[in-house]
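Have a look at the structure below, then the notes.
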Protein chains: 2
Amino acid sequence: MAVDLQNRLERGKSSTSRSSLAEASSDGSTYSSLNSFELEIIHIFVQTAQVLGLPKSVGEIFGLLYCSLEPLTFDEIMLRLKISKGSTSQGLRFLRNIRAVKTTYMAGDRKDHFVAELRLRNLSAGFLRERIMPHLENGEERLNNLQQILDHSPPEKRKILKERMSYLFTWNKKARGLLPWVLKFIDT
Amino acid sequence: MAVDLQNRLERGKSSTSRSSLAEASSDGSTYSSLNSFELEIIHIFVQTAQVLGLPKSVGEIFGLLYCSLEPLTFDEIMLRLKISKGSTSQGLRFLRNIRAVKTTYMAGDRKDHFVAELRLRNLSAGFLRERIMPHLENGEERLNNLQQILDHSPPEKRKILKERMSYLFTWNKKARGLLPWVLKFIDT
DNA sequence: CATAGAGTTCATTTTTTCTTGAACTTTAGG
DNA sequence: CCTAAAGTTCAAGAAAAAATGAACTCTATG
């Protein structure tokens, strides 16, 4: 099982078969490899990231934080997931932008400590706000421009095309009206 | 002309040049190039396709059909959009699978004639059914497996991790329960 | 202020995804 | 049955997206 998960998550990386949830490191490195619980949670978020059109690394980072009992530092995230500094930095930035991750300050430590937003409602809100709303708003703007173009088209077509456009307008408006409602519904 | 189309579809920020709606072809080809109305509608659907993680060609095909007053044949789609046979075939297949496009039969013509589903409600339904539901169902299954893994973990952690998993379960269930509602809401 | 630690940036490389088109299957009509 | 038109398939090439890591900025402290 663990091997299977390992393979799915990190294709082609050397993986020491790890059967249990032990956190000891067998290769002498400071950071433990991922246990099967973590691998599975991470996998779920990686898949979700892909459905949403986000980079895998974003899913990995969020998944790791989601099942961590304490805040993790930049280095811990980077080393445990075996991803680069750049991916870690950009992934964390994205996650902070959509409020999926926040930082906590730990006394006497200069490093940032990252925590996942566990209330998925807030997570969804951030995603909808940062990604979906802009798209819908841009669409509305474009539709407005379109109406002008349409005024120059042959009258016999104009009526039908106007109708089609009005469907799009309606749909756009409804989709935007839907978002707050969706958020309320999944308010976990 | 072809270059212009390409540019406008790909990086369509400069949408102001609305020259004419004429359908005459200036390069001698059988199929007319796209007019500015079509270009703009197609652009909207291409963008949407990208948000949804679908190939550009799928957005192009749907956009073209969406603003066509008559059913179009395979060749018309291919030639007007200047995309390959393969892309056309696969794009149309995908669109038919999610019920975004259907074929009509025209007397005395062996070719398929394709029409866009104008009721965006049905379109959304197909997309949710074919793309989102499978993901949510897969997620639920994985979460079920996870519970077993969790039973082997240290008791002091188990409680907290179980709680986090239960958030995920709840979220998953709610998301699935939401879909029918969303569809009803956008029933245009 | 000089420095080292913490994180960011971004040109390059790597990986993934999309498109292409030649070869293939299927089917209507002769 | 054959043929040719209509569409499909899929290996290979092209394009797009993501990951990498060296060079960079910023800042808290000695």
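Residue numbers start from 1 in every chain, and the chains themselves are labelled A, B, ... in the order their sequence lines are given, proteins ahead of strands.
Taking the side chain as every heavy atom from C-beta outward, A:Leu118 and B:Glu163 never approach each other to under 4.5 Å.
Between the NZ atom of B:Lys56 and the C1' atom of C:dT20 there is a distance of 14 Å, rounded to whole Å. Between A:Ile83 atom CD1 and C:dT15 atom P the separation is 16 Å, expressed in whole Å. To the nearest angstrom, P of C:dA6 lies 12 Å from CE of A:Met78. One can place CD of A:Glu76 at 12 Å from P of C:dA6, the figure rounded to the nearest angstrom. Rounded to whole Å, the distance from OH on A:Tyr105 to C1' on C:dA6 is 12 Å. Whole-Å rounding puts the B:Leu54 CG to D:dA17 P distance at 14 Å.
Aromatic ring orientation, B:Phe74 versus B:Phe114: tilted (interplanar angle from 30° to 60°).
Contact check on A:Lys102 versus A:Asp112 returns no salt bridge, with no Lys/Arg side-chain nitrogen under 4.0 Å from an Asp/Glu carboxylate oxygen.
Side-chain polar atoms of B:Arg93 and B:Asn97 form no donor-acceptor pair below 3.5 angstrom. A side-chain N or O of A:Asn138 and one of B:Gln47 form a donor-acceptor pair less than 3.5 Å apart.
Considering only side-chain N and O atoms, A:Ser84 lies nowhere under 4.0 angstrom from the phosphate OP1 or OP2 of D:dG21.
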Between the protein and nucleotides 2-8 of chain D, list every N/O to N/O distance that falls short of 3.5 Å.
from  : atom 1 : to       : atom 2 : distance (Å)
D:dA5 : N3     : B:Arg110 : NH2    : 2.8
D:dG7 : OP1    : B:Asp112 : N      : 2.4
D:dG7 : N7     : B:Lys85  : NZ     : 3.3
D:dG7 : O6     : B:Lys85  : NZ     : 3.1
D:dT8 : OP1    : B:Arg96  : NH2    : 3.4
D:dT8 : OP2    : B:Ser89  : OG     : 2.9

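Under the salt bridge (Lys or Arg N to Asp or Glu O under 4.0 Å) criterion, A:Glu117 pairs with A:Arg119, sequence neighbours left out.
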